[in-house]
Amino acid sequence: MNLFKNMKFTSSNIAALCSYLAIAATTTILNYHFQYVRGWDAQISGLMLITTPIIMAFMAPNAGRLSDKIHPQKLAAIGMAIATLTLLILIFLDSNTQIYLIIIAMILQGIGMGLFTTPNTNAIMSSVPPKETPNASAAQSAMRTIGQTMSLGLLTLVFAWIMGSLKLSSQYAGMIVQSSQLVCIICTIICIVAIFASLVGIKSTDEFNIKNAS
């Protein structure tokens, strides 16, 4: 727990927690949209959903190399800002939304999370002494798991609040759209918190460097 006295470490972990909390639900939301609002089968829905991971797989290694040259938390903040655009698009997701807008949203999500994840990891691991890197890695993994779990919990809570005990089906597409939009609004706010957390880390790092230089 002493590691959390380090503001850079703490702010980067908070940013990670908020990012996974905000973004993890989008895959489920899009899956529900494709199957229950548009009536697609599971295979086509799954093929559409691989767009984001493919983009992330391309972006993450390059973002990692870039974070060695540019302040990693600046890149993380930019990445979360791009990911926030995804949620802003999905706030208006309904049966009339054009497919190309959904594809753009998934591409932006892949770019944003790819640009966030690796630099954020770099910021966390570089903020602690080498002997503490195992603990730092464990903390980051915990934040990722907690964020993803809370994201699905948030989605379940909102859907249960709006739909009650109704089963997911095309018959209740309107309620699914309403639930999805509310989740996206909440997640957009959480994304903004993640951006600010990354920016706070930049400020604390700069102050630390100035203090050491003096």
Side-chain angles (χ1 to χ4, degrees), residues 1-27 52-88 106-152 154 187-214:
M1 296 302 296
N2 287 332
L3 292 177
F4 287 94
K5 295 178 181 179
N6 182 331
M7 183 56 69
K8 180 181 178 182
F9 178 84
T10 300
S11 62
S12 296
N13 273 289
I14 291 174
L17 174 67
C18 291
S19 69
Y20 290 110
L21 200 167
I23 297 298
T26 58
T27 301
T52 297
I54 289 175
I55 300 296
M56 285 183 64
F58 173 77
M59 285 295 301
N62 292 293
R65 287 189 286 269
L66 191 61
S67 68
D68 292 330
K69 301 176 182 178
I70 302 175
H71 199 300
Q73 286 165 289
K74 288 182 180 179
L75 288 177
I78 293 171
M80 280 314 304
I82 295 172
T84 304
L85 295 177
T86 298
L87 291 166
L88 289 173
M106 289 191 291
I107 292 173
L108 288 174
Q109 181 183 348
I111 294 172
M113 290 306 293
L115 199 58
F116 170 84
T117 304
T118 314
N120 180 259
T121 301
N122 187 351
I124 291 172
M125 302 306 290
S126 63
S127 66
V128 300
K131 66 178 182 179
E132 296 289 355
T133 52
N135 292 328
S137 178
Q140 184 197 23
S141 297
M143 292 298 170
R144 179 176 63 250
T145 303
I146 293 170
Q148 291 171 340
T149 304
M150 290 176 65
S151 183
L152 294 178
L154 171 64
C187 289
T188 299
I189 296 171
I190 297 171
C191 265
I192 294 172
V193 174
I195 294 171
F196 276 105
S198 295
L199 295 175
V200 167
I202 294 172
K203 183 178 179 181
S204 64
T205 302
D206 292 340
E207 289 175 352
F208 178 77
N209 291 336
I210 292 171
K211 183 178 179 181
N212 284 344
S214 59

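Since the structure is predicted, the reported quantities are computational estimates derived from the model, not experimental observations.
With rounding to the nearest 0.5 angstrom, the CE atom of Met56 is 14.0 Å from the CE atom of Met106. With rounding to the nearest 0.5 angstrom, the CG atom of Leu154 is 6.0 Å from the CD1 atom of Ile190. If you take CE on Met125 and OG1 on Thr133, they are separated by 5.0 Å, rounding to the nearest 0.5 Å. Between atom OG1 of residue Thr84 and atom CD1 of residue Ile189 there is a gap of 11.5 Å, rounded to the nearest 0.5 Å. Distance check, rounded to the nearest 0.5 Å: CG of Asn122 to NE2 of His71 gives 10.0 Å. For the atom pair Thr86 OG1 and Met80 CE, the distance stands at 9.0 Å (nearest 0.5 Å).
Side-chain contact between Ser11 and Gln73: present, with at least one pair of heavy atoms (C-beta onward) separated by less than 4.5 Å. Side-chain contact check for Ser126 versus Lys8: some heavy-atom pair is nearer than 4.5 Å. With contacts defined as side-chain heavy-atom distances shorter than 4.5 Å, the pair Leu199/Ile195 qualifies. No side-chain heavy atom of Thr52 sits under 4.5 Å from any side-chain heavy atom of Thr27. Using a 4.5 Å cut-off on side-chain heavy atoms (C-beta onward), Cys191 and Ile23 make contact.
Qualifying ring-ring contact (aromatic ring centres under 6.0 Å, His included) partners for Tyr20, counting only residues two or more places apart in sequence or in other chains: none. Contacts of Ala24 classified as side-chain contact (heavy atoms from CB on, under 4.5 Å), with partners at least two apart in sequence or in another chain: Gln148, Ser151.
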Report all side-chain donor-acceptor pairs from residues 112-120 shorter than 3.5 Å, counting only partners two or more places apart or in another chain.
residue, atom, partner, partner atom, Å
Thr117, OG1, Met113, O, 2.7
Thr118, OG1, Ala60, O, 3.0
Asn120, ND2, Ser12, O, 3.0

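Between Ile124 and Gln140 the shortest heavy-atom distance is CD1-CG, 3.8 Å. Considering all non-hydrogen atoms of both residues, Ala197 and Ile14 come closest at CB-CG2, 4.1 Å.
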